[in-house]
Colleague: 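Have a look at the structure that comes next, please.
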2 protein chains.
Amino acid sequence: MNQQLRMTKQRAAVAGALDATDEFRSAQQLHELLRDRGDAVGLATVYRTLQALAAGGEVDVLRTDDGEALYRRCARTEHHHHLVCRSCGHAVEIDGPTVESWAVRVGASQGFSDIEHTIELWGTCADCRAAAAHSG
Amino acid sequence: MNQQLRMTKQRAAVAGALDATDEFRSAQQLHELLRDRGDAVGLATVYRTLQALAAGGEVDVLRTDDGEALYRRCARTEHHHHLVCRSCGHAVEIDGPTVESWAVRVGASQGFSDIEHTIELWGTCADCRAAAAHSG
DNA sequence: CCAAGGCTGAGAATCGTTCTCATGACTCGC
DNA sequence: GCGAGTCATGAGAACGATTCTCAGCCTTGG
């Protein structure tokens, strides 16, 4: 299969960093994280690795309001959505069977085909809310 | 209230360009469009105007998969979503009462607060599909 | 018509992301 | 273990979208 993909120290490091958290992280955050941890990896390599993982469906990608890409290794490969904490990136995988069918139905009723949808929920997780309460 | 906001030729031009279409357009597209039309407006001004309009809720903004911002003047100011043609930008405003409540419910059940959601549908509109069929 | 302060635009500066290219690291066959 | 052929890496340049700077212009209130 992917005889083409060599398992290098760098790829392992990036994958490891992703495995170590269930929060969405930007490429730059992962890059810093690896550097601080001692597993320095070039920024370009981090981007390339994330790209490859995303293409293979091994990590999920989403965009913040200002267009930055965030990555996360999810437990499941099947289609799902996320509830993400806007302050710490903590995420919960969620299903929305109802939403799925709604999307397809609405799309079709308007004559559109090849319907896809972008559905992400943003909020403040319990921990962050508590933290905010203490400091405020 | 917005005594602060002066009505200038440039702002009128940008607003006009937005009013003239129901498709999502990027700042750069609008900039070119205005130039071609003879109402040249500086790119910076286009961005500033769109930003102001978006802040005032007068235009809707969404992000393409690669992070570019698209703008559109919508008929309604109330919360709604869109079904957008990924090839021409044509958009239809849609409601999703079911989805709205689902989002809030899911968020709350996970202990998150201040839930917001990003829900956009992408597809190929009938016209674009027909066009593709002819050329393919 | 005047003054005052928001507005504009060209170009520089940012920022995230991708590309280039010389060098480095795997892998396979011997 | 050795060498060739490749894919991978990383520093830095290049890019594309967006924002900032700042001197000069225009709108508005009087």
Side-chain angles (χ1 to χ4, degrees), chain A residues 1-18 23-56 58-72 84 86 89, chain B residues 1-18 23-56 58-72 84 86 89:
Chain A
M1 298 257 146
N2 18 8
Q3 241 96 23
Q4 311 285 43
L5 288 184
R6 294 181 179 170
M7 179 46 67
T8 63
K9 196 173 315 179
Q10 292 84 342
R11 286 187 181 153
V14 173
L18 283 167
E23 306 178 355
F24 272 95
R25 296 288 184 221
S26 70
Q28 316 244 6
Q29 284 179 319
L30 288 166
H31 175 241
E32 278 180 46
L33 202 140
L34 290 168
R35 180 155 44 59
D36 296 350
R37 186 203 253 193
D39 296 327
V41 172
L43 182 55
T45 300
V46 173
Y47 274 106
R48 273 187 298 240
T49 304
L50 289 173
Q51 214 169 251
L53 290 172
E58 307 215 30
V59 297
D60 280 10
V61 193
L62 57 80
R63 298 257 168 194
T64 60
D65 272 350
D66 51 288
E68 192 178 8
L70 300 182
Y71 304 82
R72 176 181 193 267
V84 190
R86 64 169 72 79
Chain B
M1 283 287 97
N2 15 8
Q3 239 97 24
Q4 312 283 44
L5 288 185
R6 295 182 178 171
M7 178 46 66
T8 63
K9 195 174 315 179
Q10 291 86 340
R11 285 188 183 153
V14 173
L18 283 167
E23 304 179 357
F24 272 94
R25 295 289 182 220
S26 69
Q28 318 245 8
Q29 285 179 318
L30 288 167
H31 175 240
E32 277 180 47
L33 202 140
L34 290 168
R35 179 155 46 59
D36 297 350
R37 186 203 253 192
D39 296 328
V41 172
L43 182 55
T45 300
V46 173
Y47 274 105
R48 274 186 299 239
T49 303
L50 288 172
Q51 213 171 252
L53 290 173
E58 306 214 32
V59 298
D60 280 10
V61 193
L62 58 79
R63 298 255 169 197
T64 60
D65 271 351
D66 52 286
E68 190 178 6
L70 301 181
Y71 304 82
R72 176 182 193 265
V84 189
R86 64 169 75 77

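All values below were derived from every heavy atom in this structure, side-chain atoms included, with hydrogens, water molecules and symmetry-related copies excluded. Numbers restart at 1 for each chain; the letters A, B, ... are given by sequence-line order, proteins then strands.
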Colleague: Once you round it to whole Å, what is the distance between P of dT8(C) and CG of Leu34(B)?
Modeller: 13 Å
Colleague: Kindly say whether Arg6(A) contributes a backbone atom to a donor-acceptor pair with the side chain of Arg11(A) at under 3.5 angstrom?
Modeller: yes
Colleague: For Glu68(B) and dG16(C), give me the distance from atom CD to atom C1', rounded to whole Å.
Modeller: 14 Å
Colleague: Under 4.0 Å, heavy atoms only, any strand: does Gln51(A) hit a base, just the sugar-phosphate, or nothing?
Modeller: sugar-phosphate
Colleague: Please tell me if Tyr47(A) has a side-chain N or O lying less than 4.0 Å from either OP1 or OP2 of dT18(C).
Modeller: no
Colleague: Can you tell me if His31(A) uses its side chain to pair, donor with acceptor, with the backbone of Val41(A) under 3.5 Å?
Modeller: yes
Colleague: What is the distance from atom CG of Leu62(B) to atom CG of Asp65(A), rounded to the nearest 0.5 Å?
Modeller: 11.0 Å
Colleague: If you assign Leu43(A) and Leu70(B) each to the DNA chain D nucleotide with the nearest heavy atom, which residue ends up on the more 5' nucleotide?
Modeller: Leu43(A)
Colleague: Do the non-hydrogen side-chain atoms of Leu18(B) and Leu53(B) ever get within less than 4.5 Å of each other?
Modeller: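 SC-SC contact between Leu18(B) and Leu53(B) confirmed.
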Colleague: Would you kindly give the CG-to-P distance between Asp66(A) and dT14(C), to the nearest whole Å?
Modeller: 18 Å
Colleague: Rounded to whole angstroms, how far apart are CG on Leu30(A) and P on dG10(D)?
Modeller: 15 Å
Colleague: What's the CZ-P distance between Arg35(B) and dT8(C), to the nearest Å?
Modeller: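 After rounding, the gap between these two atoms is 18 Å.
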Colleague: Counting only side-chain N and O atoms of Gln10(A), is one of them less than 4.0 Å from OP1 or OP2 of dG10(D)?
Modeller: yes
Colleague: Under 4.0 Å between a side-chain N or O of Gln28(A) and OP1 or OP2 of dC15(C)?
Modeller: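 So the side-chain polar atoms of Gln28(A) never come under 4.0 Å of the phosphate oxygens OP1 or OP2 of dC15(C).
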Colleague: Ignoring hydrogens and geometry beyond distance, is the side chain of Arg6(B) in donor-acceptor contact with the base of dC7(C) at under 3.5 Å?
Modeller: no
Colleague: Checking only heavy atoms, does the side chain of Arg48(A) share a donor-acceptor pair with the base of dT18(C) at less than 3.5 Å?
Modeller: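 Result: no qualifying N/O pair found.
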Colleague: Quick one: closest heavy-atom pair of Val61(A) and Ala69(A), and the distance?
Modeller: CG1-CB, 4.2 Å
Colleague: Looking at Thr8(B), I'd like to know whether one of its side-chain N or O atoms comes within less than 4.0 Å of OP1 or OP2 on dT8(C).
Modeller: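 True: Thr8(B) side-chain N/O within range (under 4.0 Å) of dT8(C) OP1/OP2.
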Colleague: Less than 4.0 angstrom between a side-chain N/O of Arg11(A) and OP1 or OP2 of dA8(D), yes or no?
Modeller: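 True: Arg11(A) side-chain N/O within range (under 4.0 Å) of dA8(D) OP1/OP2.
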Colleague: In whole angstroms, how far is the P atom of dT28(D) from the CE atom of Met7(B)?
Modeller: 9 Å
Colleague: For the side chain of Ala44(B), counting heavy atoms from C-beta on, which of dT17(C), dG11(C), dT18(D) is nearest?
Modeller: dG11(C)
Colleague: Whole Å only: how far is the NE2 atom of His31(A) from the P atom of dG12(D)?
Modeller: 12 Å
Colleague: Which nucleotide wins on minimum distance to the side chain of Ala27(B), given the candidates dT18(D), dG10(D), dT17(C)?
Modeller: dT18(D)
Colleague: Within this structure, what is the CZ-to-P distance between Arg63(A) and dT18(D), rounded to whole angstrom?
Modeller: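 Those two atoms, CZ and P, are 11 Å apart.
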